[in-house]
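Just so it is clear: chains get the letters A, B, ... in the order the sequence lines come, proteins before strands, and each one is counted from 1.
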Amino acid sequence: MDLKKLERLQNRLKDRLTFLPLKGEVSRVAGCDASFPGGMTLGVCVVLGYPSLDVVEVSYSLLKTHFPYIPTFLSFRELPSLMQAYRNLKHKPDLILVDGQGIAHPRGMGIASHLGIIIGKPVIGVAKSRLFGNFDGDVPDERGGFVHLKHEGKVIGAVVRTRKGVKPVFVSPGNLITVEDSVKWVLKLTGRYRLPEPVRIADRYSRTLL
DNA sequence: GCGACAG
DNA sequence: ATCTTGTCGC
């Protein structure tokens, strides 16, 4: 486990990121998350139909955990399992949401970006707390209110209020999508809960599947 | 040297 | 993330 080497890998992968408006039809959306039941990593991917949000498929992968939690290196802990679960899907999604940061990361390589580079599809990162980036003032307390997350003047994501009176979430593009479209889709996929349905359901399965 | 630090 | 008792608010 050579962190310096992994940092260089993240810096190299960063050059392969692309940010474009989301084009084409979105008929399926996926949510990915992992849990850690006693020394194991349970990665889960759920696919929902869009716009119905009905669960189309759930796939998972249970692997022995081989990497600890170290801030800014989350992908090396969770991706092996999440990738395996993703490969097992029979119905591939057009858009993916992952529990964690996208480019709102010190080296622009949060887990959502890393996953986005590997599978080459639009991925959005949705985190419950901040890792990197700053924002001014407060997030308007109304569903849909948001302020940009920035780093050295550049917009790298947004702090979004998905429900009035509830703590906001940190949204950032992983790959093949823009900050604006990421915010727009997170809101379109959020119902009566704090987290958008794909990640909320993936989270629930990852802790209930056993 | 000190504080921050996704899940 | 996981563990785990009690409390606040609708």
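Between A:R161 and A:D141 there is a salt bridge, since at least one side-chain N of the basic residue sits less than 4.0 Å from a carboxylate O of the acidic one. A salt bridge links A:D99 to A:K128: one of the charged nitrogens lies within less than 4.0 Å of a carboxylate oxygen.
Within 4.0 Å of A:F36, counting heavy atoms only, lie sugar-phosphate atoms of the nucleic acid but no base atom. Across all strands shown, A:F73 has heavy atoms under 4.0 Å from base atoms, whether or not it also approaches the sugar-phosphate. Using a 4.0 Å heavy-atom criterion, one finds that A:I70 contacts no nucleic acid atom at all.
Within a 6.0 Å sphere centred on NZ of A:K121, heavy atoms belonging to other residues, nucleotides or ligands number more than 12.
Between the CG atom of A:L97 and the P atom of B:dA6 there is a distance of 20 Å, rounded to whole Å. The CD-C1' distance, from A:E78 to C:dT2, rounds to 13 Å in whole Å. B:dG7 atom P lies 18 Å from atom CZ of A:F76, rounded to whole Å. What separates CG of A:L131 from C1' of B:dC5 is a distance of 6 Å, to the nearest Å. In this structure, A:L42 atom CG and B:dG7 atom C1' are separated by 14 Å, rounded to whole Å. Atoms NE2 (A:H114) and C1' (B:dA6) sit 15 Å apart, rounded to a whole Å. Following rounding to the nearest Å, A:Y205 (OH) and C:dA1 (C1') show an atom-to-atom distance of 21 Å. Across the protein-nucleic acid pair, A:I156 atom CD1 and B:dA6 atom P stand 14 Å apart, rounded to whole Å.
Taking the six-membered ring for Trp and the full ring otherwise, the centers of A:F76 and A:H66 sit at least 6.0 Å from each other.
Centre separation under 5.5 Å together with a plane angle under 30° does not hold for the ring of A:Y69 and the six-membered base ring of C:dA1, so they are not marked as stacked.
In this structure, the nucleotide among B:dA6, C:dT2, B:dG7 sitting nearest to the side chain of A:D33 is B:dG7. Which of B:dC5, B:dG7, C:dT2 sits closest to the side chain of A:P71 comes down to B:dC5. Nearest to the side-chain atoms of A:I111 among the listed nucleotides C:dA1, B:dA6, B:dG7 stands B:dA6. Distances from the side chain of A:Q101 to the nucleotides C:dT2, B:dA6, B:dC5 place B:dA6 closest.
OP1 or OP2 of B:dG7 sits under 4.0 Å from a side-chain N or O of A:K128. The phosphate of B:dG7 has OP1 or OP2 within less than 4.0 Å of a side-chain N or O from A:S129. Considering only side-chain N and O atoms, A:R130 lies under 4.0 angstrom from the phosphate OP1 or OP2 of B:dC5.
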What protein N or O atoms touch nucleotides 3-10 of chain C N or O atoms at under 3.5 angstrom, if any, and at what distances?
none

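When all heavy atoms of A:V56 and A:L48 are compared, the pair lying nearest together is CG2-C, 4.1 Å. Annotation for A:F132 and A:A104: closest pair CB-O, 3.6 Å, computed over non-hydrogen atoms.
Checking A:S61 against A:N88 by side-chain atom types alone, no donor-acceptor pair falls below 3.5 Å.
A donor-acceptor contact shorter than 3.5 Å links the side chain of A:Q10 to the backbone of A:T72.
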